2 protein chains.
Amino acid sequence: MKNDTALMNENNQTHALLISDAKKLVQSYPRVPITVDCVIFGFDENELKILLIRSDLEIFRDKWSLLGDFAGDNEVLDDAAYRVLRERTGMEDVYLEQVRTFSHPDRHPGGRVLTVAYCSLLNIEHHQLKKMDNELHWHSVKHITEMAFDHQQIMNECYKWLQKRIQEHPLGFNLLPEKFSLRELQNLYEAILDIKMDRRNFRKKFFAMDFLIDTGEYEDDVPHRPGKLYQFDFHKYSHTKKKWNGIDF
Amino acid sequence: MKNDTALMNENNQTHALLISDAKKLVQSYPRVPITVDCVIFGFDENELKILLIRSDLEIFRDKWSLLGDFAGDNEVLDDAAYRVLRERTGMEDVYLEQVRTFSHPDRHPGGRVLTVAYCSLLNIEHHQLKKMDNELHWHSVKHITEMAFDHQQIMNECYKWLQKRIQEHPLGFNLLPEKFSLRELQNLYEAILDIKMDRRNFRKKFFAMDFLIDTGEYEDDVPHRPGKLYQFDFHKYSHTKKKWNGIDF
DNA sequence: AAGTCATTGTGTAAAAATAACACTTTAAAA
DNA sequence: TTTTAAAGTGTTATTTTTACACAATGACTT
């Protein structure tokens with residue numbers, strides 16, 4: 001399997017023979033179909049949601065599937081993932097990040113297909129499900145089961161990734177309206193991390209970070225005292241990122 | 001590019017046509033050669049090292065390359081990465097983890113080749129470079145340049161990954177002898193994180209974690225007062241893992 | 001044997017971060 | 001006007017982090 005061509009010389013040393021025809025070398029490699037799969041999270045009714053479509057494979061009839069597509073011939077995988085999002089949701093500038101690659105040879109019933117999982121976060125309000133994609137729906141992450149392929153595993157890994165990521169990076173704001181109340185923000189964290197947090201300490205924490213811009217506006221659709229609306233100051237954040245040098249495990 | 005076959009029916013609703021022949025579907029996908037590349041870190045003389053080989057491509061003559069190989073026809077990528085390690089270093093039970101996938105179409109001069117980067121940590125003392133691989137050498141991570149393909153970028157990403165990872169997981173012990181002094185441990189952290197740490201606080205931190213087993217032995221090759229030797233209690237650690245629920249960015 | 005050298009090993013106090021906890025205010029709805 | 005539901009707000013105790021200096025040890029030198 002190893003691909004270096006080597007020869008012993010008289011000093012018992014080796015010299016690799018240099019390969020001059022890189023194209024020929026690459027042509028000798030096995031080739032594998034590649035897909036990208038997008039784990040698209042949203043937040044609605046105080047629940048973390050995931051956008052799924054019915055599998056279009058007979059063998060997975062009635063099972064849910066991540067939004068994916070194969071990667072084009074010379075397409076960078078990030079581009080493929082953005083393309084999937086654009087084609088399915090019409091959204092352009094969404095948060096997207098590669099999570100990991102899944103390669104089990106039996107993961108696809110049609111033969112070996114390698115897939116690269118991407119995690120995307122989008123604000124459900126900004127998003128119009130395209131009518132064409134009738135079976136495209138938001139599902140509660142907590143309750144979804146019966147997924148096609150290894151998509152349950154991919155979703156779980158992306159969910160764990162998100163839980164960790166949201167603690168260390170301001171991703172969560174991609175799931176909220178541009179202007180949000182602290183209660184909404186806390187609900188988001190509680191839903192994603194699946195824990196309860198102390199309201200006073202939560203507020204103290206975010207105010208201390210000092211990345212929330214007070215818009216002066218208030219909620220207007222609530223049947224009780226409305227909360228103040230804030231925006232996240234991405235600009236200030238990007239100039240302030242600090243590095244943690246602790247050790248903790 | 002999108003692969004769902006859909007039809008409007010009289011209610012202006014869509015029904016996907018189910019695909020019954022998954023094999024045929026997969027055969028219609030473009031296929032890409034896949035490699036794994038191992039970023040193998042070691043630690044010696046208080047420096048973080050990386051194991052590299054001379055590129056065997058003419059076009060990259062005299063440049064350094066990560067240890068990689070293409071993935072076999074039905075080979076799980078993790079297995080391919082372990083195989084590369086075994087073939088190149090003779091080591092079996094080493095630490096290995098997938099980091100990310102690189103897909104730029106121009107990253108390989110022989111045409112599109114997608115590579116999945118793995119990070120591996122190994123104890124240089126336990127490792128015998130195989131004579132066959134004459135050009136296989138440890139290099140200082142700080143000083144290496146002139147790498148083949150996009151391997152410099154891959155190395156940098158894996159290095160950043162390692163810096164973060166070592167703060168939160170007990171990986172570092174894979175780079176040290178089984179029994180090590182606290183000075184060695186601190187040197188390792190200082191080298192990888194590229195910072196100076198306070199010796200007393202460093203010790204306090206590790207003793208407080210309570211995962212170090214005092215072997216009762218001492219260093220015996222130092223020209224000064226020898227330090228105590230410790231082992232990491234992986235067993236206790238695996239039963240104690242705690243979860244951090246804070247928010248910090 | 002005495003002295004020098006380099007590094008180990010140790011404690012405390014101040015500062016910062018976290019965690020626990022309850023009452024008053026506000027606006028909407030009844 | 002009253003009720004209701006959530007907003008908004010501070011203090012204290014605890015834990016964690018940081019900063020910092022000197023005595024003990026063993027190897028090496030003379």
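The model shown is predicted, which means the values in this text are computed figures rather than measured ones. To find a chain, count down the sequence lines: A is the first, B the second, and so on, and within it residues start at 1.
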Item checked: 5′-ward residue of the pair B:Leu182/B:Ile247 relative to DNA chain C -> B:Leu182
Next item on the list: Starting from the 5' end of DNA chain D, give me the residue, A:Gly246 or A:Gly227, whose nearest nucleotide shows up first.
Entry: A:Gly227
Checklist line | salt bridge (Lys or Arg N to Asp or Glu O under 4.0 Å) partners of residues 154-167 of chain B, not counting sequence neighbours, each pair once | finding: A:Glu168-B:Lys164, B:Glu97-B:Arg165, B:Arg100-B:Glu157, B:Lys164-B:Glu168
Check: Are B:Lys205 and D:dT17 close enough that a side-chain N or O sits under 4.0 Å from OP1 or OP2?
Finding: yes
Next item on the list: Compute the angle between the rotation axes at the two ends of the helix from C:dA1-D:dT30 to C:dA30-D:dT1, each taken over five pairs, rounded to 10 degrees.
Entry: 10°
Note to self: Can you confirm whether more than 12 heavy atoms, excluding those of B:His239, are under 6.0 Å from its NE2 atom?
What the structure shows: yes
Note to self: Could you work out, with salt bridge (Lys or Arg N to Asp or Glu O under 4.0 Å) as the rule, every residue matching B:Glu190, not counting sequence neighbours?
What the structure shows: B:Lys196
Next item on the list: In whole angstrom, give the distance that lies between atom CE of B:Met197 and atom P of D:dT17.
Entry: 11 Å
Check: If the sugar-phosphate is the primed atoms plus P, OP1 and OP2 and the base is the rest, what is the B/S/- string for nucleotides 21-30 of chain C, using protein heavy atoms under 4.0 Å?
Finding: BB--BBBS--
Check: ring-ring contact (aromatic ring centres under 6.0 Å, His included) with B:His139: which residues, sequence neighbours excluded?
Finding: B:Trp64
Next item on the list: Apply side-chain hydrogen bond (donor to acceptor under 3.5 Å, both in side chains) to B:Tyr159 and list each qualifying residue two or more places apart in sequence or on a separate chain.
Entry: B:Gln163
Check: In whole angstroms, how far is the C1' atom of D:dG8 from the CG atom of A:Leu185?
Finding: 16 Å
